[in-house]
Amino acid sequence: MNENRIPEVYDNNISDARIWSMLGNGDIRALKTLFHRHKDYLYQYSLKLSGQHALAEDCVHELFFRIWDGKENLSEVTSVKSYLWISIRRDVIRAVNSGKKEILTDNISTLIPGFHFSPEEIIIHSERKSASRTRLVKALNQLPARQREAIFLKYFHGMSYDEMEQIMSVNYQTARNYISDGVRTLKMYMDEQADSLSPYTVMIS
């Protein structure tokens, strides 16, 4: 084994911002680093938006291919993570709706076909674990699609309201309203387990 072999990706001590800058200089290791850091989360989000495994996977790969092809013209971004999530969201929605004659930019955020949760994604910290999980999954999937998406971003991936504002193409207050309205509905549905929903008992498993 060659101990001097150069790793294919950079370690996690190098920030995304630095990696982005290196990518702009044509560093293939920078591209691979970003891909390995973000691909799983982007795929999960793409799958939620589309409900199609193959499409979700294709969109993730195509996003990074496009970034590499345009590396010489990459612009500075405030947050690489937000940029990737914003881009993949738009790509997936356009792909899902590619058969439609017209997709208006202002309305693209409403063209989400699904966004459903499954019991395997939910961990409930309560004595009646299985029953609680089933009830919560049912409650989540009865929420409006935009509230489901907001809850997925905030509670499954720790997005701030500022990040949600950019990713979902809504204003800050609307992002907050999606969360507050969604959690309030869930508490009403869960009734006797309302206390366990603070600070919310949903997390990625």
Side-chain angles (χ1 to χ4, degrees), residues 12 16 34-53 55-57 59-60 63-64 79-93 95-96 109-126 128-190 193-205:
N12 287 327
D16 278 353
L34 281 184
F35 178 74
H36 284 287
R37 284 184 185 179
H38 297 278
K39 64 181 176 67
D40 290 341
Y41 301 118
L42 293 173
Y43 171 76
Q44 290 171 16
Y45 189 36
S46 300
L47 182 59
K48 283 293 179 192
L49 290 169
S50 68
Q52 302 176 45
H53 291 275
L55 185 148
E57 187 172 301
C59 283
V60 172
L63 171 59
F64 284 94
S79 167
V80 175
K81 177 182 175 182
S82 294
Y83 173 85
L84 293 174
W85 282 66
I86 292 168
S87 298
I88 200 65
R89 185 180 194 276
R90 184 169 296 274
D91 290 350
V92 170
I93 294 176
V96 169
S109 61
T110 66
L111 300 174
I112 301 173
F115 221 102
H116 294 281
F117 293 91
S118 66
E120 291 75 23
E121 294 175 290
I122 308 299
I123 294 177
I124 299 294
H125 299 292
S126 69
R128 294 188 301 168
K129 189 174 182 179
S130 179
S132 298
R133 180 186 291 114
T134 300
R135 287 171 60 85
L136 184 53
V137 170
K138 183 177 181 180
L140 281 166
N141 288 331
Q142 289 182 346
L143 294 175
R146 296 288 266 166
Q147 290 181 16
R148 273 177 274 158
E149 183 181 6
I151 285 174
F152 178 78
L153 292 174
K154 182 169 180 60
Y155 293 111
F156 283 66
H157 290 281
M159 298 288 185
S160 67
Y161 287 115
D162 288 329
E163 290 173 319
M164 291 167 60
E165 177 183 7
Q166 297 178 51
I167 294 168
M168 298 181 70
S169 298
V170 297
N171 62 46
Y172 184 90
Q173 188 56 51
T174 298
R176 292 188 64 91
N177 290 344
Y178 283 145
I179 294 298
S180 61
D181 292 346
V183 171
R184 181 167 59 250
T185 300
L186 290 175
K187 286 183 176 181
M188 291 174 60
Y189 188 92
M190 300 295 286
Q193 295 177 14
D195 290 340
S196 68
L197 287 172
S198 180
Y200 208 70
T201 56
V202 181
M203 66 179 71
I204 209 74
S205 60

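Start at 1 with the first residue, then count along the sequence. The figures that follow rest on heavy atoms only: side chains count, while hydrogens, waters and symmetry mates do not.
- The distance from the CG atom of D91 to the CD1 atom of I86 is 12.0 Å, given to the nearest 0.5 Å.
- Annotation: side chain of Y45 is not in contact with side chain of V92 (no heavy-atom distance under 4.5 Å).
- One distance of note links CG of L47 with CD of Q52; it measures 9.5 Å at 0.5 Å rounding.
- One distance of note links CG of L63 with NE2 of H38; it measures 10.5 Å at 0.5 Å rounding.
- A distance below 6.0 Å separates the ring centres of W85 and H157.
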> After noting the C-alpha distance and the side-chain angles of D16 and K81, does the key distance pass the salt bridge (charged side-chain N to carboxylate O under 4.0 Å, His left out) rule?
Replying inline: CA-CA 8 Å; D16 278 353; K81 177 182 175 182; over 6 Å; no
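- At least one side-chain heavy atom of I151 sits less than 4.5 Å from a side-chain heavy atom of L186.
- In this structure, Y43 and H53 have side chains that are in contact, with non-hydrogen atoms separated by less than 4.5 Å.
- Looking only at side-chain heavy atoms (C-beta outward), M164 and R176 stay at 4.5 Å or farther from each other.
- When all heavy atoms of A175 and Y161 are compared, the closest pair comes out as O-CE2, 3.9 Å.
- Shortest non-hydrogen contact noted between S82 and E163 is OG-CG, 3.6 Å.
- Contact detail for R90 and S169: the closest heavy-atom pair is NH2-OG, 4.4 Å.
- Taking 4.5 Å as the limit, some side-chain heavy atom of D162 sits within range of a side-chain heavy atom of E165.
- Of the inter-residue distances, the one linking Y83 atom OH with I88 atom CD1 reads 11.0 Å to the nearest 0.5 angstrom.
- Residues V183 and Y155 are in side-chain contact: their nearest non-hydrogen atoms beyond the backbone lie under 4.5 Å apart.
- A salt bridge links R89 to E149: at least one charged side-chain nitrogen sits closer than 4.0 Å to a carboxylate oxygen.
- Applying the side-chain hydrogen bond (donor to acceptor under 3.5 Å, both in side chains) criterion to D181, with sequence neighbours excluded, gives R184.
- Here the straight-line distance linking atom CZ of F35 with atom CG of D40 works out to 8.5 Å at 0.5 Å rounding.
- Within the 4.5 Å cutoff, no side-chain heavy atoms of Q147 are placed close to those of I179.
- Judged by distance alone, the side chains of Q173 and N177 do bring a donor and an acceptor atom under 3.5 Å apart.
- With values rounded to the nearest 0.5 angstrom, L55 atom CG is found 8.0 Å from S46 atom OG.
- Here the side chains of Y178 and V170 are in contact, with some heavy-atom distance below 4.5 Å.
- Within 6.0 Å of the OH atom in Y41, the count of heavy atoms belonging to other residues, nucleotides or ligands does not exceed 12.
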